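This report refers to the structure that appears directly beneath it.
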Amino acid sequence: MTFLKIDQVSFVTHEKVIVDQVSFDLEKGAFLTLTGPSGSGKSTLLKLVASLLTPTNGDIYLENQAQSDYQLNLYRQEVSYCFQQPVLFGQTVRDNLSFPFTIRKKNFDRNRAIALLQQVALPETFLDKQITSLSGGEKQRVALIRNLLFLPKVLLLDEVTVGLDGENKNIIHQLIQTVHKKGITILQITHDNSEIAQAKRILTMAGGVLVEQSTKCE
């Protein structure tokens, strides 16, 4: 049964076609890898699915409901986007991990935050760490678990391991696999050959269109 549907979606800006009539379906719990050369429209497509951009044409459906029919804040709680370059705010890690609770008008669950920090090999003391003191890998780990304090229905990953060393990549891969096993639908963009090699379903984009689809047998 189709869970997330991208139906003839296009995006045009400054008279340039960035995404051109892209269509595909995802079942609940699917893990899709999107690849292709730089400038092929992958990140734009992911931002359209995340509702960070609005399609020029076509429709996106989550659980048979059009994206445009959702309240924007509620949709973004269900479809969570993780940027290639981690975007942290405020002064400390706590400022970032308390934000998902604040927007839901809930009390900060310190134990939940600590449990996720420990899941990505960061100690409890990181809650009070200044974000300016974090390495690139630490920032990416904090940004990712911020998206997972409340599990979304769909997790969108825009090259979240790019530029990271092997240890940080492994930590993030393990977290992503743990989340996927909980039934979360995942759509990731990657150029990483090892991630592509492990992918079960791959869509390849070029020039704003889908040029190839492949599925590996278990």
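Counting from 1, the numbers follow the sequence of the chain as shown. Everything numeric in this text was worked out from a predicted model, so none of it was measured.
Using a 4.5 Å heavy-atom threshold, the side chains of Leu116 and Leu149 count as touching. Counting only heavy atoms from C-beta outward, the side chains of Val209 and Val19 never approach each other to under 4.5 Å. Looking only at side-chain heavy atoms (C-beta outward), Ile6 and Leu26 stay at 4.5 Å or farther from each other. Between Gln140 and Leu164 there is a side-chain heavy-atom pair separated by less than 4.5 Å. The shortest side-chain heavy-atom distance between Gln77 and Tyr70 does not fall under the 4.5 Å cut-off. The closest side-chain heavy-atom distance from Thr13 to Ile18 is below 4.5 Å. Using a 4.5 Å heavy-atom threshold, the side chains of Met205 and Val22 count as touching. At a threshold of 4.5 Å between non-hydrogen side-chain atoms, the residues Leu122 and Glu138 count as touching.
Within a 6.0 Å sphere centred on CD of Gln213, heavy atoms belonging to other residues, nucleotides or ligands number more than 12. Atom CG of Asn73 has more than 12 heavy atoms from other residues, nucleotides or ligands within 6.0 Å. The environment of NZ in Lys106 is sparse: at most 12 heavy-atom neighbours from other residues, nucleotides or ligands sit within 6.0 Å.
The backbone N or O of Val120 lies less than 3.5 Å from a partner atom in the side chain of Arg141, making a donor-acceptor pair. Of the possible donor and acceptor atoms, none in the side chain of Asn168 sits under 3.5 Å from a partner among the backbone N and O of Asp165. At least one donor-acceptor pair under 3.5 Å links the side chain of Asn96 to the backbone N or O of Phe89.
Every residue two or more places apart in sequence or in another chain that forms a ring-ring contact (aromatic ring centres under 6.0 Å, His included) with Tyr81 is listed here: Phe83. Legend: residues meeting salt bridge (Lys or Arg N to Asp or Glu O under 4.0 Å) with Arg94, ordered by chain and number and at least two apart, are Asp128. By the side-chain contact (heavy atoms from CB on, under 4.5 Å) test, Lys182 pairs with Leu151, Thr178, sequence neighbours left out. For Asp109, there are no salt bridge (Lys or Arg N to Asp or Glu O under 4.0 Å) partners two or more places apart in sequence or in a different chain. In this structure Asp69 satisfies the salt bridge (Lys or Arg N to Asp or Glu O under 4.0 Å) test with no other residue, sequence neighbours excluded. Taking the side-chain contact (heavy atoms from CB on, under 4.5 Å) definition, one finds that Ser133 meets it with Lys129, Gln130, sequence neighbours left out. Judged as a ring-ring contact (aromatic ring centres under 6.0 Å, His included), and not counting sequence neighbours, His191 has no contacts. For Lys169, the salt bridge (Lys or Arg N to Asp or Glu O under 4.0 Å) partners two or more places apart in sequence, or in a different chain, are Asp192. Annotation: side-chain contact (heavy atoms from CB on, under 4.5 Å) contacts of Thr204 (sequence neighbours excluded): Thr35, Ile202, Val211, Glu212. In this structure, Thr185 has no side-chain hydrogen bond (donor to acceptor under 3.5 Å, both in side chains) partners at least two apart in sequence or on a different chain.
Minimum interatomic distance between Ala121 and Ile171 (heavy atoms only, all atoms of both residues): CB-CD1, 3.9 Å. Looking at every heavy atom in both residues, Ser80 comes nearest to Asn147 through OG-ND2, 2.7 Å. For the pair Ser23 and Leu210, the tightest heavy-atom approach, listed with the atom from each and the gap, is O-CD1, 3.5 Å. Closest of all the heavy-atom pairs between Ser98 and Phe108 is CA-CD1, 3.6 Å. Smallest separation of non-hydrogen atoms from Leu127 and Ala113: CD2-CB, 4.3 Å.
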Problem - Evaluation steps, side chain to side chain donor-acceptor pair (under 3.5 Å), between Gln188 and Thr33 - result: CA-CA 5 Å; Gln188 72 166 355; Thr33 297; 3.0 Å; yes

Exercise for the section: Could you give me the CA-CA distance, side-chain angles and deciding distance for Val154 and Leu156, then say whether side chain to side chain contact (heavy atoms under 4.5 Å, CB included) is met? Expected result: CA-CA 7 Å; Val154 181; Leu156 306 173; 3.8 Å; yes

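Distance CG/Leu34 to OG/Ser40: 7.0 Å, rounded to 0.5 Å. Here the straight-line distance linking atom CG of Asp20 with atom CD of Gln8 works out to 9.0 Å at 0.5 Å rounding. Distance check, rounded to the nearest 0.5 Å: CD1 of Ile145 to CG of Leu148 gives 8.0 Å. Atom CD of Gln67 sits about 14.5 Å away from atom NZ of Lys5, to the nearest 0.5 Å. Expressed to the nearest 0.5 Å, how far CG of Leu203 lies from CD1 of Ile189 amounts to 11.0 Å. Atom CD in Glu167 sits 11.0 Å away from atom CD1 in Ile172 (nearest 0.5 Å).
Under a cutoff of 6.0 Å and an axis angle of 45°, Arg104 and Phe150 form a cation-pi pair.
Leu4 and Phe24 end up in the same hydrophobic cluster when Ile, Leu, Val, Met, Phe, Trp and Tyr side chains are linked at under 4.5 Å. Val179 and Phe3 are not part of a single hydrophobic cluster, where members link through side-chain heavy atoms under 4.5 Å apart. Under a hydrophobic-cluster definition in which Ile, Leu, Val, Met, Phe, Trp and Tyr are linked whenever side-chain heavy atoms come within less than 4.5 Å, directly or via other members, Phe101 and Ile114 are assigned to the same cluster. Cluster annotation: Leu187 is not connected to Phe31 through the hydrophobic network of ILVMFWY side chains, with a link wherever side-chain heavy atoms come within less than 4.5 Å. Hydrophobic cluster membership is shared by Leu32 and Val79, with clusters built from Ile, Leu, Val, Met, Phe, Trp and Tyr side chains linked at under 4.5 angstrom.
With no hydrogens or angles considered, a side-chain donor-acceptor pair links His173 and Glu195 at under 3.5 Å.
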Side-chain donor-acceptor pairs of residues 45-66 under 3.5 Å, sequence neighbours excluded:
unit_1 : atom_1 : unit_2 : atom_2 : d
Ser51  : OG     : Arg76  : NE     : 3.0
Thr56  : OG1    : Val12  : N      : 2.8
Glu63  : OE1    : Lys153 : NZ     : 2.6

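For residues 111-126, the pairs satisfying side-chain hydrogen bond (donor to acceptor under 3.5 Å, both in side chains) are Arg110-Glu124, with sequence neighbours left out.
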